[in-house]
Each structure stands twice: as C-alpha cells, then as structure tokens.
Amino acid sequence: MTLPQFKFLAPTNLDEACALLKKHQGKIKVKAGGTDMIVRLSHRAVKPDYLMTLKKIPGLNEISWDDQGGLVIGALALLREVEVSPIILEHAPMLARAAHATATVQIRNMGTVMGNICNASPSADNIPTLVAMEASIVAFSERGQREISLDDFFLGPGRTALAADELAIAIKVPAPAPKTGVSYQKVSQRSKVDIAAVNIGALVTLDGAGNCARVRISMGAVGPTPLRARQAEEFLAGKPASAANLAEAGRLAAADASPISDVRASKEYRKLMVEVLSQRALAEASGFAAGN
Amino acid sequence: MSDNQDFSVVGKSLPRSDARIKAVGAAQYADDIFLPGMLYGKLLRSPVAHARIKSIDTSAAEALPGVKCVITGADIPKIKYGNWRLVPESQDEYALAIDKVRFIGDEVAAVAALDKDTAEEAVRLIKVEYEELPGAFSVDEALAENAPVIHDEYQQQTPNISLDRKISYGDLDRAFAEADLILDDVFTVHATSHAYMEPCSCVAEYDHDGRLTIWTSTQAPYFVQCLLALTLEMRENDIRVIKPYVGGGFGGKMEMRPWEFCAAFIARKLGRPVKFTLTREEELATGRRRHPMKIHSKVAFRKDGMILGKEFIVHLDGGAYNSMGPTACFLCGNFGAMLYNYPNYRYYGAHVYTNKPPAGAMRGFGAPQALFVAETQMNMAAEKLGLDPIDIRLMNAMETGDEIPGVATISSCGFKESLLKVAEMTDWRERRKNLKPGQGIGIGCYSFISGGVFNWFNTRYNFTRAEVRAFDDGTVHLMTMASDIGQGCDTVLRQILAEELGLKISDIRLTAADTAVTPQADLGTWGSRVTLMAGNAVRKAAQEIKEQLYKMVSLKFDLNVIHDMRCKDGKIFPANRPDRNISFGEAVRMAQRANRGEPIIGYGSYTPRNKGLVTPAFSFGAQVAECEVDRETGAIEVKYMTTAHDCGTPINPMAVEGQLEGSVHMGLGYALCEQFIMKEGKTLNTTFLDYKLACAEDMPPGVSVHIDTYEPDGPFGAKEAGEGLVSPTAPAIADAVYHATGYRCMDLPITPLKLLKGMKKI
Amino acid sequence: MKKELITLNINGDDIEVAVHPWRTLNEVLRDELHLTGTKLGCGTGDCGACTVLLDGRSVSSCLTLAVEAEGHEITTIEGLSPEADHGDLEHSPLHPIQESFIQKGAIQCGFCTPGMIMSAKFLLDHTPQPTEAEIRAGLSGNLCRCTGYNKIVDAIADAADKLAKGE
C-alpha cells in the first residue's frame, strides 16, 4: 500500500526540531530509522500531517563510554552499530545481544535502539536489558533537558512519558557495579527470526559472600508495558543464586506477569515462559556476575 | 533400469537457462511491465464474512480526480466461473460480488486510476451497505442444524456440502472383524499460505481490434484464457494470455482471478492498459490456501503388522467457494489408499462451504493432509504392535506392478528401496535407541501423482502439445504452453529436446506460455504434470523432426533400410557407423531443399491413455527427520533431514534437489510454524511478521538420494519430483517430536503450547 | 502537494527525480525509474525482496523514503556487475555472487534473488569468510519459498571462496 500524504520535515538541529514539535503538536510524528513508522503509516495506524526525521541532526548517533558516567547511546545509533560496537561489546555485551536479536539484518541496518524503545511495544527486544541495567532516556525540549528512568518511561503500548514537545535524544546506561552480570533471554513461538513472544532482561550483582545483593528483572510482552518482577527481585535479595532459589524466583516472576493471548502466543504459554526464561536469565546473569 | 551414463544432456545438473536473467534482475514479472498510458487498479473487498449487499455508492470514488473507472457486480455480465467446467453447477464465483459476499475479502468493486494513490483513495470512498448474515467458520458450524446456507441458490442434498466423493472396494467390515488392532482417530490439519514471493499481478491491454492481451502471474494461461472468455462474453481466440516470469505459484495461481477479470474488463472498456497488483496483506488475508480438513481414519491391522483395511472420512473446509476443492476432495481419497496395499478401503470425502477465504490447490493437493494422517497412524501402529516403523512399512509397501483398484497399476516404484536407503543412511535402528533426552528421530513417506488424468476442466484439446521448428543453422525453436513458474520446466524441456536431437541447450530457443503463439494445448503447471506430459510431447515433436532428417542421412550414404539412427553432438548418423554423419543444420538444409522450401517442423502431443483416471505414474519416497526439543520452552529445532526418493530419471538432478529442499521448507512450515490465525472468518496474521515462513536459520541441512527407477510412461524414464515431497516432512517431524517428548500431534501445526500441554507442563 | 526535485545517486549515476515526500525508494526505483530488478514482496520489511544497498548497507527499499535516500549511494541489483559484457556469455562473468547463485542452483522462481544477492553482498563485504551459521544469520531478512535456502547458502559460501581467491 502507498503511504498517506504528509509534509516532511528534516530539521538540522535540536532547537529547530523542538520548535517544530511544539508548533505541530498532535499533528506530527517523529521518525529515526522509520522501520516501524513506515509500516504504521502504510497500514494507516497513524496519519500525521507532518513527519519529522531526526537524521539530519548531527551528533545523535554517538556511542560513548566513561567509567563514571557509563554508556551513552545516541538516538540515531543504528541497531547494527550497537550490535557490533566495540564499546558496547566491551562494557555492555548484553545490549549487543539484544540488538542482534532484533528483527532482521536490513531492519538493523535502518532502525535504531531508541526507535525500538520509543515505539513502546511491549515485546521490544531492546527494552528488558536496558530496564534491568537501570537505563534512562535523555529528553530534550525548549524547556531544557531531563532524564527519565526507563522504569517510568512506558505508560502503555505505544505511549511514553515523553511530553509532546520533547525529543528523546540519548539513552544513558550507568556503569554496572563490580560483580554484576546481565542476561537477555527471548522465546519466539515459531522461528529464530521472530518477534518475541516473551523476553526477559535480568541484572544480578553479587555481594562478597556470593549472594545476590541486587537483582533487577524486566519482563517483555507480558503486560501493556515492560514489567518488573518485583516479588522475584525481593525474594532473591540476600540469597544465593541456587537452583531452588532461581526456581522460586521464576514462579514469583510468573505471578507478576499479566500477559494476554494474541496472534503471537497465548496467555498460558507466556506465563510459563516467564518462569522458564527468568530462571535462565538469572542463572546466566549470576554466572556472569561471579566471573566479573 | 537407467541409462544416465549414455545421456549427453538429460541427467546433468545444468544451471537453469533463466538463471542469468534472474541473477541480473532483468527477468520481467507482471508487475515489472509498464505500458504507455497504463492505469493502476485496486479492488474493494468485503470487510464482512457473510452478508447481502444492500447498496453500493460509487459516486464519491468516481468524482475523485484521476479516477477513470469504477465497476461493481452490477456492471459485469452475470456469469459464474470456476475451474471445474465439467460440472457447471460447481462454478460458483462471480468476478465481483453480485447480491452477496461470502468471506472477508470477497471482491466487491474495482477502480482504475492514474496512479496507485488515487486508486487506493477511491476504493476507500466507495460506500457499501451490507445486511450481515450469520456465518459458519468451521466444518462443524457449517454442517450444524440451522447453519447459515452459504450458497442458497443451489439445491444441495446437505446444505453447505458442495460436492462429495465415495470410493469403496473389498470387504471392509470383515477386515475390521478380523483385525488384531484397530486405530480409530480423528485428526485436524490446518490451512497454510502458498506464500509465493511474487504477489499476484497482471496487466491487461486492449488491441483495439477486438483482442485483449493480458500478462499475468499464472500457472495456467489456458484456464485464464477460457474463463476470461466465458466471463467477458468474448471468444477464446480474442484473448491472448501471456505468462511473463512468475515468482512461484505452488497451486495458488491456477485459476482465473477477479483482478484478471477486472483488468481485462476495464482495459476493454477504456481502451487503456490497466495493471492490478495485490499487496502481501491482500494475499495473506484473502488469498487461496491449503485446505484445512477434519479426517476420521480407522485402520485395521493384523498383529504381525499387515494392513487389512481402512476407512477414511474427510471433511474439507473449503471456504466460500469451490475453487480447486473438488479436486482436492477426489485426490484425498486416492492418497488415503496410496503407499501401502489396502486390500479393503472405503472413502467418503465432502467439500464443505464456510465463510472463510476459499482454499484451493496447493502443493500436494490433498496429499499432505491425507499422508500426515496415514503416516502418523503407521507410526502409531508400529508402536502398538511392537514393530519398527520401517519394518511395518516394508511389509505393506507398494511395489512395481501393484494395482490400486479402479485407479491404476504402478508402473514403477522405488518405495521399498527408499525405505531401506533412509534406514541405512541414518543408521535408523541404532540411532533410534541411542538418543539423548529431547532428541527424536521420526519417519514419514509419500507417493504422488505425475499429472492428473481426470479432465475436470473439460479441455477440448490434447493435455499438452509441443511444436519444434528446426533451422539450417543447427538450432531449433521449441514452442509450448508449459508454464515455468520457477520450478524449472523451461530448462527441463530444453534438456529433453537437446537430448533427443543431439543438440546443446544453447542451440534451443524457447517460446512458452503465450496463448497466441504457443500450441493451443496445455493445462498448465499443477499436479506435477509438466515434466512427464510436456516432456513426452516434446520428445514426440523431436521424433518427428528426426524422422525427416534421418531420410537425408539414408539418402546421402545410400544406407540399408535397417540402420538405426542417432542424433548426437550436433550430428546425425547410423548407430554403428558414426563416421557417416551429417551435421544437424546440414540435414535440415537438405530436407528443406528436398521439400521445396517447406520448413522442418515437428509436432507432438500427449494425453494419458490407458492409465486410469488418476495419473500416468506415481513417485515414491521416504524421509527421516531428526529433531531436538527444548522441553521447557517447547521450541523444536529440526536438525537434519534424510530423504530417499524415486522420481524415475532425474532430468536435472540439481533442479530436483532444489525442488526437494523447497519441499522440506514448505513441509517444515506446515508442521511447525505456518498457520492462519482466524477469528470469525477474519485472518489476523496478514504480514510476514506474523505469518511465519521458516527463514534460513530455521532450515536444517540434509542429504537426499535418488532411487534409481525408470518410469516407462515418462520421458527418458522421468516422473514427478518435488511436489510429493512436501508430504512426508510433517509426519516425520511429528514422529520425531513424539519420540523426543511423548507428545503425538494429531492436530497440526505442532506449536510449543500444544507440545507443552501434551507434556503436561501447562 | 507539490513534488520535490531530488537527486538520487543510483549505481553511480546521479538521477533527478521529482517525488512526493511519502514516496518510498522502492516506488521511485520501480514505478518512476523502471529499475525493476528490485522487487516488492511485502511492503513491511519482512521478506527482503526489495533489498538495496545504501552507502553499502543492506536496507529495505520499501521502508526507505526516497527523499531520505538523497545524498547516499544507492546500489541495486542492476549495478552489481557494471563491467559485464552481456553479449559475451562465456568470457564475461557477472559478480562472483551472481555467478555462484547461477552455478549452484540457488535460483528458482527468481523473485527473491535480487534481494538475496544484495544481502549476500552486504554479508561478504563485512564478513569475507563467513561460517555456515553466519551465512544463515546474514539471510535473516530474506525469505525464499522455492529453494529451502540450502543452495543459496552453498552459493554464498562458494562466492566467498571465489572472492578470497580474487576471482
């Protein structure tokens, strides 16, 4: 199908972009890679009067690291760039795994991690790991710049905490504490190249005794937004990552999930997968943590 | 018996003759054609599953600038069509709905406009008022008491059963009475999409002298020609159908379709070319699909494993129209009794209307469904009787010379050899005993037809025909309506002709599938008919050429009349005196001179004779799947496929392997990942994101072996390859999954959820 | 709405074309410029038949706005073997990937072929000696209904060998 008519805007700096956002509030959509936006346009799921690309704004595709501030991923960094970035492979390899697990080669050559986040699809591949790693979104507007924790970022399918005049310009990921491991686990119903039926991101930091000092678990595609498995996190705190404890954590995570049945999977399957995948994610993350 | 070694061209893995043009992107498919002044068409489809059309208002669409034509059912001849011309009352479709719509996607109106945007916008502006009717969305709903009658203008013995078929032979009641084991199971199998990569497309042009030309993505130009003539009220010869390059069909492009009619109708009306190209969403949401079926199968075994008889009751969920359903209904009954000797057999098949997109022909044509059931039950019986699944098959397997009552005599059969070969290649008996938890190995087998005999299209021509013209530069021109849709018949027919005439592939020019130019006979590409049927016609045409040329050699060398003659390496000579040769071109020149300029032309045709009503020849084979199951997530990975198959002489082994590997792809999808998710007649997964084809990473490596047989009715011993092989994969995978987990699938596809439920994990 | 005049660099040629902003690169290549080697199989970026290279990266032309392709080098299947003399079939080979696809039986209906070849080009440009698993992963965005992929995988491995030998 052809795309609906729109006026195309390609601002060359952030101030201009924000002015346009404000001016055309309610009638404008922002695109980065466009891999999701173009499909939504063609299906008439959105019909904006204006489509604004961020691609002409220089400096938004940076990937950088510093030991104090941690990792910064610019809004235009491609999934492919995150997948192969030496910086990410060194400091946050699980983000590269999640990027690699996203869609296809061509989509990764076009799409961005930020786009994957801002679509706020509950099944997005790149969200659970970033939530587990306590990432935040840098939002920019005429009113200034603020950081929004990913924990507070998602309001519902397709809805985020960005104000109408705000642009998401970067993802910040704090440097992990010592003895920290992260895991991304995904199950698709049918194929190795498939949208996630359930996905889990987990972060485990071990204390000196080898017990879980800190645990964060984010579950995708089991609720309207990515969900934290808070009961499981609390249960594991201070306990060793033993098989029995992980099994109990898995059960608690499933209890916190509220999936629906759709074309991609049934509710009951998703519940069980939360249990299985969160165990696997916690096992892998705690294994990495012990080695770090 | 095989004489491969003596062949020069046949039996060789030559690259396809159209590979290069496809590799450089120059092959023209229908949507690649742009004609001067061409308009773009778009269809309006019904958003409701079952309704009376109360009114259609096209005024807003017509008023949109750039719109050149809007048509509805009120504008077209009220003529129904369908492929089963032999049974006119089975022809149940209008090109555009008249009075009623019967599925979500039923074509209601068509627009032609200056560009695509305008055509799409115009379609949105057409207002249709529907009076919704209750729908029936499954066989059970359609056959329930007080079910809505989907085609109420027909007298039907049972409402919503459009057609049924019975087969019966032997004494089945006695077989059940004497049986030591009776399996009595109900299976359900699901719909899948052909998912050819090229969405359907056509361009129609009116020649302004009363003739209409249409380039269309079709497997059967002749069907399109005849049914366009019928529905447009034109003469067949006033319609020229040209098949450009076609991006796959798999059975989904073997009927006349509404967009072909609309393109032709509008092109004729406006005197301008019109193109229609479907979107993938249209293809998936509304396109033809494989028949879902409910199959009740009851099989009697003796305790040593011998089959005593079988009762096979099949209800085909046909969707809103007959399409190719009647053929599938007939063939299902035949496939239910194939592979093994069933001394007593009873079949009842019924084609049932539902308010869903119509099912049609799809690779295997009833076999994947029938054989999933039959092969699964063989595996179940083996287990219950404590026999090896291969042994129980060997005991019952058909062999050359066996007769299928009322159907055919098997003229070549490499089934037992196929079974023994896969057993040897996989080290079957040892492997089956020594697998780790989560690993499984399973078997499935198949037999398939090499083209159909039963003339449901009621063609008045030969089934296929070839014309070969020979030139004195040593080349020939082959003309055939056989339609290459990707399977490779342009290459295979060239190989057959080159072999027969002793020429090189590059000496053969080919014109195919243009009803105005190529011989007016050939029913198209379906039912694995082309290699055997068109191949035989090509050979016969070549033989006519050769007879004319042999005379020249006889004359030139004053040969004794008893000499056998040969064509090889561009030369023609007596078999035992190769030194006495004339080049092919020289012989043509001499023959033409001798005939005072008459060109050298050979004709050949083929229509099956004395082979019963089903097919001239059957292929056979066996396949072993090795799987690994994640017993926590239910994820199934197919690790390796081993296949042994009997396609007679493979004319082009590389092409046969390609067909086989493609079959595994489709069979694996059928078993595991492809399905339509439907809700009250609405298809919910209408993109390739959610209609999931196996991708390169999902596909297992594998190995295949051709079993050496020679089919006496096939060209150079060849018969069907590549369609039948879509059948064994699902039962083989299902058996491997059972072996790995204890879950026996009787309800395709095998999803992680069903598997985990079967394992009592959910 | 008025069209915008843009210049697209396609296979080394600068081509001016007037487009609406909502036109995809696929529509411009096919419908405007009749460069029909690039196919359209789904329109949602799932099948890969429309794959072209944009500054050397494989992308779905159906999801790329034509106006955004300006300023980038676009390579389509028609531009993959610019040196080939198509009148000299025996001595003038195509790009090694194309040759391998032909020789190894990787082409059946041919509709996925241009996109497959462009994906193979991107893969081999970045991973000159791929493992079988890397080849399969490199084809994650290209669907084929005819071949079952195995001969395509063989062809790409064969092309990698040829390229390594400088053929």
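Chain identifiers are assigned alphabetically (A, B, ...) following the order of the sequence lines, protein sequences preceding nucleic acid strands; residue numbering begins at 1 within each chain.
- When C:Leu80, C:Thr44, C:Ile107, C:Ile135 are compared by the number of non-hydrogen pairs under 4.5 Å with chain B, C:Ile107 comes out ahead.
- For C:Ile117, the part lying under 4.5 angstrom from a heavy atom of chain B is the side chain only.
- Comment: C:Arg136 does not engage B:Asp698 in a salt bridge, judged by the lack of any side-chain N to carboxylate O separation of less than 4.0 angstrom.
- For chain C, no part of B:Val664 is nearby; none of its heavy atoms comes within less than 4.5 Å.
- For B:Ser17 and B:Arg494, the side-chain atoms include at least one donor-acceptor pair closer than 3.5 Å.
- Taking a cutoff of 4.0 Å between a charged side-chain nitrogen and a carboxylate oxygen, C:Arg57 and C:Asp55 do not qualify as a salt bridge.
- Taking the ring axis of B:Tyr245 as reference, the NZ or CZ atom of B:Lys22 does not stay both within 45° of it and closer than 6.0 Å to the ring centre.
- Surrounding NZ of B:Lys504 are at most 12 heavy atoms belonging to other residues, nucleotides or ligands under 6.0 Å away.
- Under a 4.0 Å N-O distance rule, the pair C:Arg145/B:Glu674 qualifies as a salt bridge.
- Interface residue C:Ala137: backbone and side-chain heavy atoms are both found under 4.5 Å from chain B.
- When each of C:Thr76, C:Asn150, C:Leu35 is checked for heavy-atom pairs under 4.5 Å with chain B, C:Asn150 comes out on top.
- Between C:Lys151 and B:Glu657 there is a salt bridge, since a side-chain N of the basic residue sits under 4.0 Å from a carboxylate O of the acidic one.
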How far apart are the C-alpha atoms of B:Ser217 and B:Lys253, what are their side-chain angles, what is the distance that settles it, and do they pass the side chain to side chain donor-acceptor pair (under 3.5 Å) test?
CA-CA 7 Å; B:Ser217 182; B:Lys253 297 177 177 174; 2.9 Å; yes

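- Both the backbone and the side chain of C:Phe111 have a heavy atom closer than 4.5 Å to some heavy atom of chain B.
- Options B:Gly247, B:Ala19, B:Gly25, B:Ala23 differ in how many heavy-atom pairs under 4.5 Å they form with chain C, and the most are formed by B:Ala23.
- Ranked by heavy-atom pairs shorter than 4.5 Å toward chain C, the options B:Asp117, B:Thr277, B:Leu660, B:Asn652 are led by B:Asp117.
- Looking at B:Leu689, the atoms closer than 4.5 Å to chain C (heavy atoms on both sides) sit in the backbone and in the side chain alike.
- Ion pairing between B:Lys639 and B:Glu637 holds under the 4.0 Å rule for side-chain N and carboxylate O.
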Using the rule given for side chain to side chain donor-acceptor pair (under 3.5 Å), can you reason through B:Gln623 versus B:Thr729, listing the C-alpha separation, both sets of side-chain angles and the distance that settles it, and then say yes or no?
CA-CA 7 Å; B:Gln623 190 166 61; B:Thr729 308; 2.7 Å; yes

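- Ion pairing of B:Arg16 with B:Asp490 is absent here, as no side-chain N (NZ or NE/NH1/NH2) approaches a carboxylate O to less than 4.0 Å.
- Applying the 6.0 Å contact sphere to CZ of B:Arg124 captures more than 12 heavy atoms from other residues, nucleotides or ligands.
- Heavy-atom distances place no part of B:Ala26 under 4.5 Å from chain C, backbone and side chain included.
- Using the six-membered ring where Trp is involved, B:His665 and C:Tyr149 have ring planes that are perpendicular, over 60° apart on the 30 and 60° scheme.
- Interface check for chain C: of the options B:Thr687, B:Asp31, B:Thr279, the most heavy-atom pairs under 4.5 Å are formed by B:Asp31.
- Only the side chain of C:Thr113 comes within less than 4.5 Å of a heavy atom in chain B; its backbone stays farther off.
- Among the candidates C:Gly37, C:Cys109, C:Ala133, the residue making the largest number of heavy-atom pairs closer than 4.5 Å to chain B is C:Cys109.
- In terms of non-hydrogen atom pairs under 4.5 Å with chain B, the most contact-rich of C:Glu27, C:Met116, C:Arg23 is C:Arg23.
- Proximity to chain C (any heavy atom under 4.5 Å) is shown, for B:Ser201, by neither the backbone nor the side chain.
- In this structure, chain B has heavy atoms under 4.5 Å from both the backbone and the side chain of C:His86.
- Proximity to chain C (any heavy atom under 4.5 Å) is shown, for B:Gln659, by both the backbone and the side chain.
- Looking at every heavy atom in both residues, C:Gly48 comes nearest to C:Asn142 through O-ND2, 3.2 Å.
- Among residues 88-103 of chain C, the residues having any heavy atom closer than 4.5 Å to a heavy atom of chain B are, in sequence order, C:Leu89, C:Ser92, C:Leu94, C:Gln98, C:Glu99, C:Ile102, C:Gln103.
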